[in-house]
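Given the structure is predicted, the values throughout are model-derived calculations rather than measurements. Residue numbers begin at 1 in each chain, while the letters A, B, ... track the order of the sequences.
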Amino acid sequence: MIDTGLLKGDLESLKSKLKFRHSSVDLDYLSELVSKRSNLTRESEELKNKRNEISKKIGIARSTNQKADELLMKAASFAKEISSMEHNLSEINSEYKQLIDQIPNICDEDVPLGEDESSNVVVKMWGDELIKKDGKSHDELLKTNYLDSERAAKISGARFAVLRNRAATLERELANFMIREHISKGYEEISIPFLVKEKAMFNSGQLPKFKEDAYSFDAFYLIPTGEVSLVNLYSNEILDEKMLSKKLVCYSPCFRKESGSYGKDTKGLIRLHQFSKVELVKIVKPEESDNELDSLVADAESILQKLKLPYRVVLKCRGDTGFTASKTFDLEVWMPSQNKFREISSCSNTRDFQSRRSSIKFRRGKKNEYAHLLNGSGLAVGRTIAAIVENYQITNDKDFDDIIDLIKKI
RNA sequence: GGAGAGAUGGCUGAGUGGUCGAAAGCGCUCCCCUGCUAAGGGAGUAUCUGCCUAAAAGUGGAUCGAGGGUUCGAAUCCCUCUCUCUCCGCCA
């Protein structure tokens, strides 16, 4: 959530900051609600103060065997007034909370203006000389000895994949390689729960906005990304300043309904209901988060570089930046069959947006401050397989063995 | 799945209707003392939030797993939920 103090300040400036952010919250209304709320809160606290004083006197009178009838009557009248005020207040509070939860993060000043991906800015190209055009698609190259979509459909339906033989091995080795690389850069490997509480989904910003894209049953949600569990690892904690920066890496399956993407990427490994991903999360001090974002991107990039896959780095514009992020760089890998770059990692600074929601703080001197949280994929494993297969046009066991050997040696 | 016990500050743990945000101990911070070390003495030590302040100080409200209820007053009584532990059963 955003700093609620902003709602008491310059409303027009807040509005302009949220331009392009697809927020439907009526800030004028909300700001009225905020002042109504604080007035009512103040009044009720004053009343409570009076009541508490009388109650204390009653207690003292009782313990010294004095009569307190008059005090009791006075206190009772306060109690009535307080309870009706509290009733009003709780209605205002729930509306307030509901609206606040829908406000997206404010983007950094240097994030480009713009409504959608057409305003995104390419900030870096890597491996131009490696780009090959018009290759066969990974789907074509792999079916059905390595990618058995038909049998996957038999088991689970559309948008599921069964990897076989060397492709299955490659998936496991790739994940292993990615984790190894990140550990060597100081990340702590975490093995996380894949089923999480609703609260955990809320804390990391998946709820309430993206409810329709998440699978759930009983009281659980299936994680759409390992970020959910990693972000919640330290929720409701006040960390020792010395513990920061905290760098975490996990490997997990991710589950998404992909409800808004019928007809897109229906073949292959690009858009599945279940895919595996290596995820990076950092918990850092506020003054470090800008630099930490750069190094997070570099950490994800290094995987692509070591695999010699051509890619570009894209700075997303305000309209295309996710709900929780203040700034996002996407890594897009070259896909020869589409002659296009496709997203393979998304690295974001959320500043204090997630840490406010999940209450992750650190102690600095005598004061507690919200930490800054960053997250990024490092990388999506399925898409990495697709990119490797297409860029190297892999078709047989020998090709697979070569690349698997290479990965093991890096 | 069955039976039982429990959830209090950084930790252990006392507290069953009233000067209780909470005894005591441990830990931690600062100070004193002793040549160093060990030991000892003193002070401080939860979170969120309102007002006030340049800031500190000060002062209100809320928080004893979560939410609701009873009451002038709830850590304490009642209800619902969540979680943890122990035993039995089942099981990778």
Side-chain angles (χ1 to χ4, degrees), chain A residues 1-9 30-98 100-101 191-203 207-208 216-221 228-229 232-244 246 253 283 286 352-371:
Chain A
M1 61 188 248
I2 62 164
D3 179 354
T4 51
L6 293 170
L7 292 164
K8 294 173 188 161
L30 180 56
S31 134
E32 266 174 50
L33 200 66
V34 167
S35 71
K36 216 193 273 177
R37 176 174 174 268
S38 68
N39 287 338
L40 210 55
T41 305
R42 195 173 315 131
E43 281 176 52
S44 96
E45 282 180 4
E46 276 164 19
L47 275 178
K48 280 184 198 168
N49 177 227
K50 285 180 190 159
R51 180 205 60 194
N52 289 350
E53 274 172 9
I54 296 170
S55 292
K56 208 173 241 181
K57 281 183 194 156
I58 295 172
I60 294 167
R62 281 281 159 82
S63 65
T64 53
N65 278 325
Q66 285 171 301
K67 277 204 169 179
D69 292 356
E70 226 172 279
L71 289 169
L72 270 170
M73 269 169 58
K74 212 167 159 191
S77 76
F78 274 127
K80 240 183 202 169
E81 210 174 329
I82 288 167
S83 86
S84 89
M85 210 174 256
E86 295 275 270
H87 180 75
N88 287 341
L89 199 55
S90 82
E91 274 179 11
I92 288 176
N93 269 331
S94 67
E95 191 182 4
Y96 166 79
K97 195 180 170 327
Q98 198 246 337
I100 286 281
D101 290 347
S191 174
I192 54 160
F194 306 150
L195 295 177
V196 300
K197 295 185 205 176
E198 184 172 41
K199 179 79 174 128
M201 289 285 280
F202 172 82
N203 285 349
L207 297 180
S216 64
F217 66 93
D218 290 352
F220 293 116
Y221 282 81
V228 176
S229 295
N232 279 279
L233 195 62
Y234 290 103
S235 65
N236 291 313
E237 293 194 36
I238 298 165
L239 303 171
D240 203 321
E241 188 177 0
K242 282 178 286 201
M243 284 171 75
L244 305 183
K246 200 108 193 134
I283 305 170
D352 59 2
F353 191 85
Q354 282 178 325
S355 59
R356 278 178 192 280
R357 287 192 157 206
S358 41
S359 188
I360 299 171
K361 301 183 181 179
F362 70 100
R363 195 179 302 278
R364 170 143 49 196
K366 286 206 159 190
K367 293 220 164 149
N368 299 327
E369 286 182 43
Y370 286 109

OP1, OP2 of [N] versus side-chain N and O of [X]: anything below 4.0 Å?
{"X": "A/Lys199", "N": "B/C81", "value": "no"}
{"X": "A/Asn52", "N": "B/A62", "value": "yes"}
{"X": "A/Arg363", "N": "B/C28", "value": "no"}
{"X": "A/Asn368", "N": "B/U47", "value": "yes"}

Which part of the nucleic acid, if any, lies within contact of [X], taking any heavy atom under 4.0 Å across all strands shown: a base, the sugar-phosphate backbone alone, or nothing?
{"X": "A/Arg51", "answer": "sugar-phosphate"}
{"X": "A/Leu72", "answer": "base"}
{"X": "A/Ile238", "answer": "sugar-phosphate"}

Determine the interatomic distance between [atom1] on [N] and the same-named atom on [M]; round to the nearest Å.
{"N": "B/C81", "M": "B/C28", "atom1": "C1'", "value": "36 Å"}
{"N": "B/C78", "M": "B/G18", "atom1": "P", "value": "16 Å"}
{"N": "B/G4", "M": "B/C91", "atom1": "P", "value": "24 Å"}
{"N": "B/G68", "M": "B/C26", "atom1": "C1'", "value": "37 Å"}
{"N": "B/A75", "M": "B/A56", "atom1": "C1'", "value": "33 Å"}

(Q) Counting distance alone, no hydrogens or angles: does the base of B/G50 have a donor or acceptor under 3.5 Å from a partner atom on the side chain of A/Arg42? (A)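 Answer is no: no donor-acceptor pair is held.
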Q) Counting only distance, no hydrogens or angles, is the base of B/G50 paired donor-acceptor with the side chain of A/Glu45 under 3.5 Å? A)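 No such pair is found, so the answer is no.
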Minimum-distance nucleotide to [X] side chain [options: [options]]:
{"X": "A/Ser55", "options": "B/U47, B/U19, B/C72", "value": "B/C72"}
{"X": "A/Lys361", "options": "B/U47, B/A62, B/C72", "value": "B/U47"}
{"X": "A/Lys367", "options": "B/G61, B/C48, B/A56", "value": "B/A56"}

